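Below is one structure, written out as structure tokens, with a few remarks after it.
Note that the structure is a prediction, hence the values are computed from the model and not measured. The chains referred to below are lettered A, B, ... by the order of the sequence lines, with proteins before strands, and numbering in each begins at 1.
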Amino acid sequence: MSRLLPFIGFVLLAALLGFGIWWNTGHDPRTVPSPLIDKPAPDFALPELDDPSKTVSKASLLGKPYLVNVFASWCYVCGEEHPVLMTQANRLGVPLVGYNYKDAPGDAKAWLADHGNPYSVVIADRSGRTAMDFGVYGAPETYLIDAKGVIRYKRIGPLTPEVIRQQLEPAIAALKKEAP
Amino acid sequence: MSRARLRALLAALLLACAAGAAAQAIDPLPFRDHAQELRFQHLTQQLRCLVCQNETLADSNADLARDMRHEVFRLMQQGKSDDEIKQYLVDRYSDFVLYKPPLQPNTWLLWFGPLLILAAGAVVVAVNVRRRARAGASGGDAADGPAPDNNTEDDW
């Protein structure tokens, strides 16, 4: 028995390290879980990209659930995500608000003209100050906010057809069930 | 060797330190006085850049890190304490933004795990020592097996 002890120790250690590898391949260690899930979305009031004289605020969007998609023309991954939004945005059944993050208005408009505009409205946060309240640390990010203004789901990274099917759609369906 | 060479080496070292200090001041902020600047440096060194996750806010050149430094500075101007500023960032970016994880139930394993492993090792050692002492006292049991076996055990 005591001769087996080092071997058992080795197996335990190997199991521990193996678990570490498995754990880190299962999820992206760079993803920081948002502490804002199930908390009220921060108060915001941002100008529309197309018409800066108009302001979209948290209060003006209350009453029905909506998605906020953080994007920027300088964001490479946003370009990969964009075709998915173009085809799926209409099917989701909730408005998709575009959140133009730290972008020059001209660049953003040109980018949307090039790639198409899947958003029902686009708001612009040029300084990134409001984005900090949302805990944005990179684009693309997507938030699902319910009718009461509570953040219910956050996706860090691009929305893919799989993510939409496996995470976003169930989350939206749950909201619909809650408030018929 | 010589005194002159030593002095030159020292000068080079000092210069390198100065370069390091300069590199840290990535963007000049209008600090009220030196004490406030030191407090700012100290605070941003305890905060993590979310983009380049192994860098502190103080060291990082990332865009977001610069925005967050400005935010920290703005909060300092408002008279917020270090703890309030940390809490402000934790509310938005979770505990991950702190370089030193706080001591709370979900980090107990992180803080005390190494101690647990150390304790487990101590138990194994204690059991082994006691068993060997007993075997030695009884003058080597027949049950302990033949002599060569004992030798391999000693190798461990």
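Counting heavy-atom pairs closer than 4.5 Å to chain A, the top-ranked of the candidates Leu64(B), Asp67(B), Asp91(B) is Asp67(B). Highest contact tally toward chain A, considering only Ala120(B), Ser94(B), Cys49(B), is held by Ser94(B) [criterion: heavy-atom pairs under 4.5 Å].
Nearest heavy-atom pair, Phe134(A) versus Lys154(A), reported as atom, atom and distance to 0.1 Å: O-NZ, 4.4 Å.
Using a 4.5 Å cut-off between heavy atoms, Val127(B) makes no contact with chain A at all. Contact of Lys39(A) with chain B is not made at all, since no heavy-atom distance falls under 4.5 Å.
Side-chain contact check for Asp59(B) and Thr56(B): at least one donor-acceptor pair (N or O, by modelled atom type) lies under 3.5 Å.
In this structure, the ring of Tyr66(A) has its center no less than 6.0 angstrom from the ring center of Tyr143(A).
Residues Asp38(A) and Arg152(A) are paired through a salt bridge, judged by an N-O separation under 4.0 Å between the basic side chain and the carboxylate.
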